[in-house]
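These notes concern the structure reproduced below.
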2 protein chains.
Amino acid sequence: MGIYKTKQKSNVLKILSDNIDKELTISQIKEIADQMDMKLGLTTIYRGLDELEKMNQIRKTVRPNGEAEYQLVQEECFHHFHMKCSSCGKLIHLDCSEVDLLMEHISKKHAFHIDSISTTIMGVCDSCYREEAN
Amino acid sequence: MGIYKTKQKSNVLKILSDNIDKELTISQIKEIADQMDMKLGLTTIYRGLDELEKMNQIRKTVRPNGEAEYQLVQEECFHHFHMKCSSCGKLIHLDCSEVDLLMEHISKKHAFHIDSISTTIMGVCDSCYREEAN
DNA sequence: TTGCGTGCAAAGGTTTTGCATGGCA
DNA sequence: TGCCATGCAAAACCTTTGCACGCAA
């Protein structure tokens, strides 16, 4: 991550790893940093995340309103899809052999090379679906 | 679409249906309108697209840079996935029974209700992939 | 000491809002 | 005629850039 090792960069990484199960927006990261008295400037957060993205250490997705959100990727993330509930925001890592087969099918029969990090299957998770039914 | 029928609204629709195979950004729509001497204001385009989106007549996606792009949906689009080449921008409608089976699997086994209009499988199409190899 | 990193302020780009005017029904 | 639609200008956002200062190596 860059050339120098700084407190700010490790703080950005810490916030991301403390929230490994969530996708965080820049402003959420800023808020968390403020709460922890980290003194992280907005610009620094943007630049730190850019570096991490170039090193493929984070997944960047863009919300419908144009705001970006970020999440530290784990090794498995390169090999599975992510499903996101548009109602509660929950992110589900889809480890499933049937999905693997489909990715292979798409690669071989449709000649398309999927980038699973950039792909998010959108929808509604079961608990939100039941709530909406009420 | 709204309450009144206006020239501007039908012009937005015409531009979208003339480009049924492409995803257009607001500025592209504006350019096309200017070329056709349509005198469409930017604000009007935004509002017309908002209405169409609420009526589920268009698919709105957001590029990594935060810019939105729009495309008229056809009936089939509600039942298949879309794949987008991040290199050339080509959009592929994925009509395939194996994909249908997977969607069913995800619904039944993973209890997730997919919104195929909001989902875009990202990757690189074959011709771009071969070019990159060179 | 060198030069990369930081963060404020300003600029850039897209989208939304306020408001007076225009046009459909 | 009554209201909705339009479009300009301004505001609101998120993100990027310029630049002087601070800090890692």
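Per chain, numbering begins at 1; letters A, B, ... match sequence-line order. Fair warning: this is a prediction, and the values are worked out from it, not measured in the lab.
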What nitrogen or oxygen pairs link the protein and nucleotides 12-17 of chain D at under 3.5 Å?
| residue | atom | partner | partner atom | Å |
| --- | --- | --- | --- | --- |
| D:dT15 | OP1 | A:Ala68 | N | 3.0 |
| D:dT15 | OP2 | A:Tyr46 | OH | 2.5 |
| D:dT15 | O5' | A:Tyr46 | OH | 3.2 |

Find the distance [X]:[atom1] to [N]:[atom2] and express it as a whole number of Å.
X: A:Lys7; N: C:dT6; atom1: NZ; atom2: C1'; value: 15 Å
X: A:Arg63; N: C:dT15; atom1: CZ; atom2: P; value: 17 Å
X: B:Asn11; N: D:dT6; atom1: CG; atom2: C1'; value: 13 Å
X: B:Met38; N: D:dG7; atom1: CE; atom2: P; value: 12 Å
X: A:Ile3; N: D:dC23; atom1: CD1; atom2: C1'; value: 15 Å
X: B:Leu49; N: D:dA5; atom1: CG; atom2: P; value: 15 Å
X: B:Leu24; N: C:dT14; atom1: CG; atom2: C1'; value: 17 Å
X: B:Tyr4; N: D:dT1; atom1: OH; atom2: C1'; value: 10 Å

To the nearest 0.5 Å, tell me how far B:Ile106 CD1 sits from B:His113 NE2.
->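 Answer for the CD1-NE2 pair, B:Ile106 versus B:His113, is 12.0 Å.
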
Tell me what B:Lys30 touches on the nucleic acid: a base, only sugar-phosphate, or nothing, going by heavy atoms under 4.0 Å.
->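 The answer is nothing, as B:Lys30 stays clear of every strand by at least 4.0 Å.
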
Please check if any side-chain donor atom of A:Arg63 sits under 3.5 Å from a side-chain acceptor atom of A:Thr25, or the reverse.
->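 No.
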
Under 4.0 Å: is that the gap between some side-chain N or O of [X] and OP1 or OP2 of [N]?
X: A:Gln8; N: D:dG22; result: no
X: B:Lys9; N: D:dA5; result: yes
X: A:Thr6; N: C:dG5; result: no

Could you tell me whether B:Lys90 atom NZ has more than 12 heavy atoms of other residues or ligands within 6.0 Å of it?
->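 12 or below, so no.
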
Looking at side-chain heavy atoms only, is the closest gap between A:Leu52 and A:Leu16 below 4.5 Å?
->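 Yes, their side chains come closer than 4.5 Å.
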
Any side-chain heavy atom of B:Leu13 within less than 4.5 Å of one from B:Leu72?
->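 The answer is yes, as the side chains (C-beta and beyond) meet within the 4.5 Å cut-off.
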
Side chain to side chain donor-acceptor pair (under 3.5 Å), paired with A:Glu23, selected from A:Gln28, A:Gln71, A:Arg59 =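 When A:Gln28, A:Gln71, A:Arg59 are each tested with A:Glu23, the side chain to side chain donor-acceptor pair (under 3.5 Å) holds only for A:Arg59.
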
Aromatic rings A:His110 and A:His105: how do their planes relate, parallel, tilted or perpendicular, breaks at 30° and 60°?
->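 Correct class here is perpendicular.
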
